[in-house]
Amino acid sequence: MTARAPARRVLIVEDDWLIASLCAVELERAGLAVTGPFPAVAPALDAIDAGLVDVALLDVHLGPEDSFAVVDRLDALGIPLAFLTGYDASDLPQRYAARPLITKPVRMGHLLEIVRDLLDPGDNS
């Protein structure tokens with residue numbers, strides 16, 4: 001019997017329950033593990049600090065806060081991310097504008113493509 005490699009973990013930080021749930025289901029169908037979804041910064045930072053993240057999908061605005069503290073923590077650890085947002089890159093602070101964007105409404109095929117690219121940047125299959 002061969003041991004299976006653990007599923008890659010995708011952190012979802014999204015305050016819209018429906019969007020977060022649909023993304024989580026699609027990622028799990030693709031064989032990925034989902035951390036969260038979390039609707040706020042604090043639990044996302046806790047998950048990152050616990051080592052439960054290989055890649056992240058972040059909404060920009062989470063109610064009264066933004067997700068930039070999460071971006072900065074992920075950057076410090078070298079964990080790739082994409083924004084899951086209705087915003088355009090030009091609406092983001094310049095230091096974040098080059099990040100991959102998954103625009104709302106989310107096309108699940110595009111979401112999976114971005115996540116795969118982030119997890120395996122050299123794999124063009």
Side-chain angles (χ1 to χ4, degrees):
M1 181 188 263
T2 306
R4 286 181 28 176
R8 309 289 290 274
R9 299 159 302 184
V10 182
L11 171 67
I12 299 175
V13 183
E14 168 62 65
D15 62 346
D16 182 304
W17 176 85
L18 182 59
I19 293 170
S21 297
L22 292 171
C23 291
V25 166
E26 193 67 25
L27 292 164
E28 288 170 347
R29 281 186 187 151
L32 298 161
V34 172
T35 301
F38 298 115
V41 169
L45 293 175
D46 290 343
I48 294 165
D49 292 344
L52 301 175
V53 180
D54 295 309
V55 65
L57 302 174
L58 310 174
D59 189 5
V60 173
H61 289 288
L62 305 165
E65 59 186 350
D66 63 48
S67 63
F68 299 136
V70 178
V71 176
D72 294 339
R73 181 76 53 87
L74 293 165
D75 281 350
L77 297 170
I79 298 171
L81 67 102
F83 287 115
L84 180 64
T85 184
Y87 289 95
D88 185 89
S90 64
D91 296 321
L92 299 172
Q94 179 137 4
R95 71 179 198 224
Y96 303 121
R99 301 302 175 123
L101 287 178
I102 300 165
T103 56
K104 298 176 186 176
V106 177
R107 290 180 300 114
M108 292 303 160
H110 184 241
L111 175 117
L112 292 174
E113 180 181 315
I114 294 290
V115 169
R116 287 183 184 122
D117 287 347
L118 290 170
L119 286 169
D120 299 308
D123 184 11
N124 293 323
S125 59

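These numbers were taken from a predicted model, which means no experiment stands behind them. Atoms considered below: every heavy atom in the structure, side chains included; atoms not considered: hydrogens, waters and symmetry mates.
Here the side chains of Asp117 and Glu113 are in contact, with some heavy-atom distance below 4.5 Å. When side chains are defined from C-beta on, Leu74 does not count as touching Val55, because their heavy atoms never get closer than 4.5 Å. Looking at heavy atoms from C-beta onward, Met108 lies in side-chain contact with Cys23 at the 4.5 angstrom threshold. A heavy-atom distance below 4.5 Å is found between the side chains of Glu26 and Leu112. Residues Leu111 and Leu27 have side chains in contact (heavy-atom distance under 4.5 Å, counting atoms from C-beta outward). In this structure the side chain of Pro93 reaches within 4.5 angstrom of the side chain of Phe68, judged on heavy atoms. The shortest side-chain heavy-atom distance between Lys104 and Ile19 falls under the 4.5 Å cut-off. Counting heavy atoms from C-beta on, the side chains of Arg99 and Val71 come closer than 4.5 Å.
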Next item on the list: List the steps, then state whether side chain to side chain contact (heavy atoms under 4.5 Å, CB included) holds for His110 with Val106.
Entry: CA-CA 8 Å; His110 184 241; Val106 177; over 6 Å; no
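Using a distance-only test at 3.5 Å, with no hydrogens or angles considered, no donor-acceptor pair links the side chain of Asp66 to the main chain of His61. Between the side chain of Ser67 and the backbone N or O of Leu58, no donor-acceptor pair lies under 3.5 Å. One N or O on the side chain of Arg8 and one on the backbone of Leu119 form a donor-acceptor pair closer than 3.5 Å. Side-chain N or O atoms of Thr85 include none that pairs as donor or acceptor with a backbone N or O of Asp59 at under 3.5 Å.
Shortest non-hydrogen contact noted between Ala33 and Ala7 is N-CB, 3.8 Å. When all heavy atoms are compared, the tightest approach of Ala44 to Val70 is CB-CG2, 4.1 Å. The shortest heavy-atom contact between Arg116 and Ala30 is NH2-CB, 4.1 Å. Closest non-hydrogen pair, Val41 versus Glu65, comes out as N-OE2, 3.0 Å. Heavy atoms only, all atoms of each residue included: Pro100 and Leu118 are closest at CG-CD2, 4.1 Å. Taking both residues in full, the closest heavy atoms of Tyr87 and Thr103 are given as O-CG2, 4.4 Å, listed atom of the first, atom of the second, then distance.
Ion pair Arg95/Asp72 flagged as a salt bridge, since at least one NZ, NE, NH1 or NH2 atom sits closer than 4.0 Å to an Asp/Glu carboxylate oxygen.
Residue Leu92 is grouped with residue Leu62 when hydrophobic side chains (ILVMFWY) are merged at heavy-atom distances under 4.5 angstrom, including chains of intermediate members. The hydrophobic clustering, which links ILVMFWY residues whose side-chain heavy atoms are closer than 4.5 Å, places Ile48 and Val60 together. Under the 4.5 Å side-chain heavy-atom criterion for Ile, Leu, Val, Met, Phe, Trp and Tyr, Leu18 and Val13 are members of distinct hydrophobic clusters. Note: the hydrophobic cluster containing Ile12 also contains Trp17 (ILVMFWY, side chain heavy atoms under 4.5 Å, direct or indirect links). Val25 and Ile114 are not part of a single hydrophobic cluster, where members link through side-chain heavy atoms under 4.5 Å apart.
Screening Leu11, Leu81, Val10 for a side-chain contact (heavy atoms from CB on, under 4.5 Å) with Val53, the sole residue that qualifies is Leu11.
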